[in-house]
Engineer: 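Take this structure, written in structure tokens, and hold onto it; I'll ask about it next.
Chain identifiers are assigned alphabetically (A, B, ...) following the order of the sequence lines, protein sequences preceding nucleic acid strands; residue numbering begins at 1 within each chain. From a predicted model like this one, the values you see are computed outputs, not experimental measurements.
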Number of protein chains: 2
Amino acid sequence: MARAQVKAEAPLQSFQEFRDRWANTIQNICLDVYNRNRDVITIKKEKVAIGNIMRIMDAVFAISREKGFHSMTLRDLSKKSGLSMGALYSYFSGKEELRAMIRRESVLYATKIIAEQIEQYRNPTDRLKAAIETHIYLSEMLKPWFYFNYMEAANLPRAEKIEAMENELATEKIFIDILGDGVKTGAFKCADVEMTAAVIKAMLQDWYLKPWKYKRKNITVEQYADFVKAFVSTAIS
Amino acid sequence: MARAQVKAEAPLQSFQEFRDRWANTIQNICLDVYNRNRDVITIKKEKVAIGNIMRIMDAVFAISREKGFHSMTLRDLSKKSGLSMGALYSYFSGKEELRAMIRRESVLYATKIIAEQIEQYRNPTDRLKAAIETHIYLSEMLKPWFYFNYMEAANLPRAEKIEAMENELATEKIFIDILGDGVKTGAFKCADVEMTAAVIKAMLQDWYLKPWKYKRKNITVEQYADFVKAFVSTAIS
DNA sequence: GTCTATATAACGATAGAC
DNA sequence: GTCTATCGTTATATAGAC
């Protein structure tokens with residue numbers, strides 16, 4: 001088998017194709033935010049609402065990345081988003097609810113995209129590659145959302161923290177199932193599928209947790225995905 | 001080579017041996033905190049000071065893990081540590097300084113331990129195993145410190161954030177050097193040593209970032225270290 | 001060396017004008 | 001639909017008694 005990891009493996013899908021396939025994802029998430037929170041959002045015109053929700057989200061992510069969500073004051077958010085304190089409160093009922101909204105909607109959307117992307121592949125080898133690639137591409141496309149959710153997960157209220165852990169285990173389950181199938185068909189040799197899935201998850205997350213590192217090294221998202229796919233393949237071959 | 005990852009590899013050192021070798025590490029860190037901050041710490045009796053610093057640290061970690069450092073008020077800290085608001089201010093000059101103290105001292109101590117642990121091994125294969133094992137054991141022994149530093153790194157003031165990134169790159173450099181040596185001697189086959197080091201780092205960090213996951217699976221620190229060592233060996237063989 | 005009590009500043013949230 | 005002005009609360013930090 002010698003050195004499978006040396007030859008650059010071609011991506012199943014280029015990041016550009018993925019991006020085009022899922023264009024308008026952020027607008028759609030914000031639309032869902034609007035529709036699912038009609039009771040607290042007092043704005044009637046959809047166009048106005050979506051536009052402002054997107055500006056609010058952008059501002060939340062920018063400020064939170066700089067100093068954390070808890071350190072972000074609503075005055076910071078008001079200034080950055082261009083909306084007044086009063087206007088902000090017509091889009092969410094409070095700071096905590098704003099954070100919960102972000103997590104809820106992005107998780108729903110991400111789950112949907114992952115499922116749709118992977119279902120087109122059949123054999124374990126391709127499915128594993130697709131799962132790795134999709135997770136990394138998705139986290140690149142929604143990087144601010146993913147980063148925000150990860151960093152805030154630690155400080156959630158009890159009930160929501162449990163939800164977040166279950167969500168982590170659910171994405172891990174995708175890998176456990178694929179690895180399990182591959183072991184059964186003989187495609188993979190894997191000492192412990194659960195542990196393997198866990199470390200794969202850790203590698204996937206590193207892409208959006210430490211963007212500065214990969215920017216510094218001039219690694220593109222496709223290069224990162226290819227490397228992880230090759231590294232994992234070799235480790236389980 | 002077939003299935004190196006299947007047979008359980010014995011640890012170079014048991015976690016118990018490591019723990020004994022570095023007994024009193026936490027007291028020593030707190031002693032360093034005391035000595036290096038004599039100018040702001042007004043307490044004269046060393047014994048009293050060390051004891052209270054340790055209680056403060058424990059309380060900081062407990063509260064921060066629950067709801068984040070920024071959400072922790074000094075009233076929370078006062079209550080948990082058993083010291084009054086006034087007393088706390090004789091141990092640090094402010095909340096921000098407290099956070100900086102924790103990072104500074106733990107990084108110094110961790111660097112020292114890693115260097116001393118690895119230097120006893122010569123060939124790349126052993127050195128790689130020692131580096132992986134040491135990082136994981138160390139993060140287990142100082143788990144609250146490591147977790148705190150990681151989670152707060154994102155919200156640091158600019159100058160300190162750069163320091164934290166340089167620190168991450170320095171530990172990564174240890175792996176880059178070992179992998180580079182191994183490639184040269186032919187012990188490893190490695191497509192990209194920098195990327196390999198980066199994903200190894202991600203796997204190491206997962207141990208202290210998601211303790212709930214490994215507790216759930218009943219994975220011990222030795223089992224985790226052994227798994228990562230075997231997984232990486234296979235991936236670069 | 002540690003405490004209680006309080007000064008001062010900033011926070012999230014809302015009422016009411018436009 | 002958005003704004004300004006302001007309320008009540010809570011934060012960090014300190015002064016001074018013990």
Side-chain angles (χ1 to χ4, degrees), chain A residues 30-31 33-35 37-57 59-60 63-64 66-102 152 155 157, chain B residues 30-31 33-35 37-57 59-60 63-64 66-102 152 155 157:
Chain A
C30 292
L31 180 60
V33 167
Y34 177 59
N35 285 327
N37 296 280
R38 269 274 172 56
D39 48 331
V40 302
I41 300 179
T42 62
I43 311 315
K44 294 298 160 208
K45 288 187 218 157
E46 185 178 292
K47 265 202 157 166
V48 174
I50 305 297
N52 281 336
I53 291 172
M54 284 181 67
R55 290 167 69 196
I56 291 171
M57 296 303 176
V60 168
I63 302 166
S64 295
E66 202 60 43
K67 56 180 186 176
F69 181 70
H70 191 94
S71 299
M72 177 194 81
T73 71
L74 292 186
R75 282 173 183 81
D76 291 337
L77 184 56
S78 165
K79 196 174 171 184
K80 191 81 151 191
S81 67
L83 281 85
S84 70
M85 289 283 289
L88 288 179
Y89 274 88
S90 8
Y91 288 92
F92 49 82
S93 57
K95 199 185 171 188
E96 175 54 26
E97 171 60 22
L98 171 61
R99 193 205 44 66
M101 249 165 47
I102 293 172
E152 294 310 319
N155 313 333
Chain B
C30 292
L31 181 60
V33 166
Y34 177 60
N35 286 326
N37 296 279
R38 269 273 173 56
D39 48 332
V40 302
I41 300 180
T42 62
I43 311 313
K44 293 300 162 208
K45 288 187 219 157
E46 186 179 292
K47 264 203 157 167
V48 174
I50 305 297
N52 281 336
I53 291 172
M54 285 180 65
R55 290 167 68 194
I56 292 171
M57 296 304 175
V60 168
I63 302 166
S64 295
E66 203 59 43
K67 56 179 186 176
F69 181 71
H70 190 94
S71 299
M72 178 194 79
T73 71
L74 292 186
R75 284 174 182 80
D76 291 338
L77 183 55
S78 165
K79 195 173 171 185
K80 191 82 150 189
S81 67
L83 281 84
S84 69
M85 288 285 289
L88 287 179
Y89 275 89
S90 17
Y91 288 93
F92 49 82
S93 57
K95 199 187 172 188
E96 176 54 26
E97 171 60 21
L98 171 61
R99 193 204 44 66
M101 252 165 44
I102 293 172
E152 293 311 318
N155 314 332

Engineer: Could you check A:Asp76 against A:Gly86 and say which one's nearest nucleotide on DNA chain C is further toward the 5' end?
Structural biologist: A:Asp76

Engineer: Among all residues two or more places apart in sequence or in another chain, which pass the side-chain contact (heavy atoms from CB on, under 4.5 Å) test with B:Lys67?
Structural biologist: B:Ile63, B:Ser71, B:Asp76

Engineer: Locate the shortest heavy-atom distance separating A:Met57 from A:Cys30; write the atom from each residue and the value.
Structural biologist: CG-SG, 4.2 Å

Engineer: Compare side-chain N and O positions of A:Tyr89 against OP1 and OP2 of C:dA13 and report whether any pair is under 4.0 Å apart.
Structural biologist: yes

Engineer: Report the distance from atom CG of B:Leu74 to atom C1' of C:dT4, rounded to the nearest whole Å.
Structural biologist: 16 Å

Engineer: Would you mind reading off the distance between B:Leu88 atom CG and D:dT14 atom P, rounded to a whole angstrom?
Structural biologist: 13 Å

Engineer: Taking only N and O in the side chain of A:Asn52, is any of them less than 4.0 Å away from OP1 or OP2 of D:dT2?
Structural biologist: yes

Engineer: Do you know which two heavy atoms are closest between B:Asn37 and B:Met101, and how far apart they sit?
Structural biologist: ND2-CG, 3.6 Å

Engineer: For the side chain of A:Met85, starting at C-beta, report the closest nucleotide among C:dT2, C:dT14, C:dA5.
Structural biologist: C:dT14

Engineer: B:Ser90 pairs by side chain to side chain contact (heavy atoms under 4.5 Å, CB included) with which of B:Leu83, B:Ile41, B:Ile43?
Structural biologist: B:Ile43

Engineer: So if I take every side-chain heavy atom of B:Lys45 and compare against C:dG1, D:dC3, C:dT2, which nucleotide ends up nearest?
Structural biologist: C:dG1

Engineer: When you measure from the side-chain N and O atoms of B:Tyr91 to the phosphate of C:dT2, is any distance below 4.0 Å, counting only OP1 and OP2?
Structural biologist: yes

Engineer: Would you mind reading off the distance between A:Lys79 atom NZ and D:dC3 atom P, rounded to a whole angstrom?
Structural biologist: 15 Å

Engineer: When the distance from CD1 of A:Ile43 to P of D:dT2 is rounded to whole Å, what number comes out?
Structural biologist: 5 Å

Engineer: Taking atom P of D:dA11 as reference, at what distance in whole Å does atom NE2 of B:His70 sit?
Structural biologist: 11 Å

Engineer: Measure from CZ on A:Arg75 to P on D:dC3 and round the result to the nearest Å.
Structural biologist: 15 Å

Engineer: Using a 4.0 Å heavy-atom cut-off, does B:Thr73 contact any base of the nucleic acid, only the sugar-phosphate backbone, or nothing at all?
Structural biologist: sugar-phosphate

Engineer: Are A:Ile50 and A:Tyr34 close enough that some pair of their side-chain heavy atoms sits under 4.5 Å apart?
Structural biologist: yes

Engineer: Between C:dT2 atom C1' and B:Lys44 atom NZ, what is the distance in whole Å?
Structural biologist: 16 Å

Engineer: What is the separation between atom CD1 on A:Ile63 and atom P on C:dG12, rounded to the nearest whole Å?
Structural biologist: 11 Å

